[in-house]
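The block underneath contains the structure these notes are about, expressed in structure tokens.
Worth saying up front: this structure is predicted, and the values here are computed from it rather than measured. Numbering of ligands and ligand atoms starts at 1, following listing order.
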Amino acid sequence: MDIIIRDSYEEMSKYAAGKIAEFIRKKPDCVLGLATGSTPLGTYRELVRMHKEEGLDFSEVRTFNLDEYFGIGIDLEIPYNQDQSYARFMYEELLKHINIKEENVHVPDGRTKDPEKYCAWYEDEIKRVGGIDLQLLGIGRDGHWAFNEPGSSLASRTRIQALAKETLDDNYESFYKNAGIARDQMPHFAITMGVGTILEARNIMMIASGKKKADVIAKAIEGPVTSQITASAIQLHPGGVMVVLDREAAACLANRDYYIYAEKIKKQYSL
Ligand code: PGA
């Protein structure tokens, strides 16, 4: 696991975007797993800048998003894509600014009437394109990866998941409150890739910033692997794993000095 610590959110975001750009340049038709939330906003901003100023080309890139609220456009009668859906988030924050082809973009469809069949299809689509080359992930305050809330099996696959209170609170503050949507009108379920699905990505990059993530980041990286903190499954991944943090999110890591040293010496030896 490469644990990269940067001084600020901006630097963390630049590092993460730079790594994603490296993947795209090496393999222009790479399959990216994408995440939503406040944390990746800076990473997406930087990718958009690289596209506009440096010609970073997304024309062959394929993307699969981790999750989507279930019920949007059905139970809540909010028109799809004029709402708080993750499809809309991705469109606004990244996709409409770059030259990606619409047919290469996949966000789970929260309007599906047959979730079981739909989730199996989503898994098959990921397999059909040869699997995910690089999966970007945040982490919830309750330790979740995507919407794999505490107690999700570490072998779980794409499915419907009930959202935890902590997740609803955080997402309400970040995305619903300002839109004038009442707390009890938020979707309480999501379609989410499973932890097992995520672990099949060939490379994983988890990003986190700010004090409120410090405790859970230490638990996920240095604590025991447990379904109570599904992001701790990162310790089981056999391939390329990067954790990119700002100083505040790294504050509770017991081995922080070692991680900083390891990055430096690897650079020195060009490893
Ligand atoms: P956040 O969410 O980036 O808004 O903190 C992260 C997550 O829930 O995975």
The protein residues that pass the under-4.0 Å heavy-atom test against ligand 1 are Gly37, Ser38, Thr39, Gly138, Ile139, Gly140, His144, Lys213

What residue pairs, at least two apart or across chains, pass side chain to side chain donor-acceptor pair (under 3.5 Å) with a residue in residues 215-244?
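For residues 215-244, and leaving out neighbouring residues, the side chain to side chain donor-acceptor pair (under 3.5 Å) pairs sorted by first residue read Asp215-Lys219, Glu222-Tyr259.
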
Is the Tyr69-Phe147 ring centre distance short of 6.0 angstrom?
yes

Check Glu60 with Lys101, please: is the shortest side-chain N to carboxylate O separation under 4.0 Å?
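Salt bridge: yes.
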
State whether Glu200 and Arg157 are salt-bridged, where the test is any N-O pair (Lys NZ or Arg NE/NH1/NH2 against Asp/Glu carboxylate O) under 4.0 Å.
yes

Only counting residues at least two apart or in another chain, list the ones meeting salt bridge (Lys or Arg N to Asp or Glu O under 4.0 Å) with Asp2.
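If we apply the salt bridge (Lys or Arg N to Asp or Glu O under 4.0 Å) test to Asp2, skipping adjacent residues, the hits are Lys266.
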
Only counting residues at least two apart or in another chain, list the ones meeting side chain to side chain donor-acceptor pair (under 3.5 Å) with Ser174.
none

